[in-house]
Amino acid sequence: MSEAAITLDGWYCLHDFRTINWPAWKSISTEEREQILAEFHAMIEKWEQTEAKEQGSHVIYSIVGQKADIMFMLLRPTMQELNEIENAFNKTRLAEFTIPTYSYVSVVELSNYMAGESDGDPYENPHVRSRLYPTLPKAAHVCFYPMDKRRQGEDNWYMLSMDDRRSLMRSHGMIGRSYAGKVKQIITGSVGFDDWEWGVTLFADDVLQFKKLVYEMRFDEVSARYGEFGSFYVGNILDPTGLSRYFHA
Ligand code: VOV
């Protein structure tokens, strides 16, 4: 048996995709819409308080194309809290005008492929902590997709030695690092939680950098040979003002 990678696991993560029932939303009065949005904004204020206390984080994006209209990405210390938020949203009036379209459950993950020698508990290391328990960037754009590492015939990631995987991941990391300041990645592990092995969430102010990064990685062995990918979702940030504009009928 190959040596398993050791993961460090941080906050639990829910990507919640909804489609808006625009005809139903437009059919109600302006006054009713305002009441519904006030209830929704009050819920977001609570999320903001949680984020300010560094007990979780969230972002909301408008999704481009027909796979979904809106995405909530939520980070919380426990799976229970994620579920409570999901249920609380489902009980708001606004949820009556949304149709769940896709969701992804995972946990922020760091693997030990690039870990250097360092003493002590990594969970006490401030740099590691900032990656495991991140405040999500409020970047202009997001790109989300789930992925697996292939297990087919000669191309079985899970049969490679630790040294081989480490060397492949080093090359991956070098490409990633050349996008420093342009793209920020949050890798969430979902083995045992959802249908794919990882969720990849990328943040950038220049949307074209997603295409450049993902394309460049396609030629790198770890993606070219071992990467399998699900559907891609790309979106534009919705801050509180943007949200009000978004729901303005
Ligand atoms: C901004 C770019 C960027 C950077 C800097 C970066 C760096 C790194 C490092 C250093 C490491 C390993 C240690 C750790 O930190 O966990 C990883 C790990 C990982 N990555 Fe990555 N990645 C990036 C970006 C990046 C992208 C775009 C993708 C999708 C691949 C593609 O082809 O579409 C990806 C995937 C992953 C995955 C699935 C893992 C876990 C693999 C495993 O088997 O455990 N990643 N990644």
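Quick note: numbers below take in every heavy atom, side chains included, and nothing from hydrogens, waters or symmetry partners. When a ligand or atom number is given, it counts from 1 through the structure's own listing order.
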So, for Phe72 and Phe17, is the gap between ring centers shorter than 6.0 Å? no
Per-atom filter on ligand 1: closer than 4.0 angstrom to a heavy atom of Val183 are 1 (C)
In ligand 1, the atoms that come under 4.0 Å of a heavy atom of Ser223 are 30 (C), 31 (C), 32 (O)
Out of Gln185, Met217, Arg170, indicate the one that has the non-hydrogen atom closest to atom 26 (C) of ligand 1. Met217
Within a distance under 4.0 Å of any heavy atom of Lys149, pick out the atoms of ligand 1 and give their elements. 41 (C), 42 (C), 43 (O)
Do Arg151 and Tyr226 meet the cation-pi criteria used here (NZ or CZ under 6.0 Å from the six-membered ring centre, within 45° of the axis)? no
Taking NZ, NE, NH1 and NH2 as the nitrogens, is one of them in Arg150 or Glu228 under 4.0 Å from a carboxylate oxygen of the other? yes
Atoms of ligand 1 under 4.0 Å from any heavy atom of Tyr113, numbered from 1 in the order shown, are 42 (C), 43 (O), 44 (O)
If you scan protein heavy atoms around atom 42 (C) of ligand 1, the nearest is Trp198 CZ2, 3.3 Å
In terms of ring plane angle, is the pair Tyr104 and His15 parallel, tilted or perpendicular, where the classes change at 30° and 60°? perpendicular
Decide if the gap between the ring center of Trp198 and the ring center of Phe144 is smaller than 6.0 angstrom. no
If the cut-off is 4.0 Å to any non-hydrogen atom of Met169, which atoms of ligand 1 fall inside it? 11 (C), 12 (C), 17 (C), 18 (C), 19 (C), 41 (C)
Asp205 side chain to Ala139 main-chain N or O, any donor-acceptor pair under 3.5 Å? no
Which residue owns the protein heavy atom closest to atom 37 (C) of ligand 1, what's the atom, and how far is it? Ile187 CG2, 3.9 Å
of all protein heavy atoms, closest to atom 30 (C) of ligand 1 is Met147 SD, 3.7 Å
Under 3.5 Å donor-acceptor, Asn125 side chain and Val128 backbone: yes
What protein heavy atom is closest to atom 13 (C) of ligand 1, reported as residue, atom name and distance in Å? Ser111 OG, 3.5 Å
Distance under 6.0 Å and angle within 45° of ring axis: Lys184 vs Phe203: no
Presence of salt bridge, Lys46 and Glu51, under 4.0 angstrom: no
Numbering as shown, the atoms of ligand 1 that approach Gly176 to under 4.0 Å (heavy-atom distance): 1 (C), 2 (C), 3 (C), 4 (C), 5 (C)
Identity and separation of the nearest protein heavy atom to atom 29 (C) of ligand 1: Tyr145 OH, 3.1 Å
Look at the side chain of Arg33 and the backbone N and O of Ile28, then say whether any donor-acceptor pair between them is shorter than 3.5 Å. yes
Looking only at heavy atoms of Arg131, does any of them come nearer than 4.0 Å to an atom of ligand 1? yes
Would you check the N or O atoms of Arg218, main chain and side chain alike, for any that come under 3.5 Å of an N or O of ligand 1? no
Among Glu109, His172, Lys182, whose heavy atom sits nearest atom 9 (C) of ligand 1? His172
NZ/NE/NH1/NH2 to OD/OE distance under 4.0 Å, Glu3 and Arg165: no
Close side-chain approach of Met71 and Ile60, heavy atoms under 4.5 Å: no
re atom 10 (C) of ligand 1, the protein heavy-atom contact at minimum distance is Met114 CG, 3.6 Å
Taking 4.0 angstrom as the limit and counting only heavy atoms of Arg177, give me the atoms of ligand 1 inside it, by number and element. 5 (C)
Is there a nitrogen or oxygen of Lys184 sitting under 3.5 Å from a nitrogen or oxygen of ligand 1? no
Val200 neighbourhood, listing ligand 1 atoms whose heavy-atom distance to it stays under 4.0 Å: 28 (C), 29 (C)
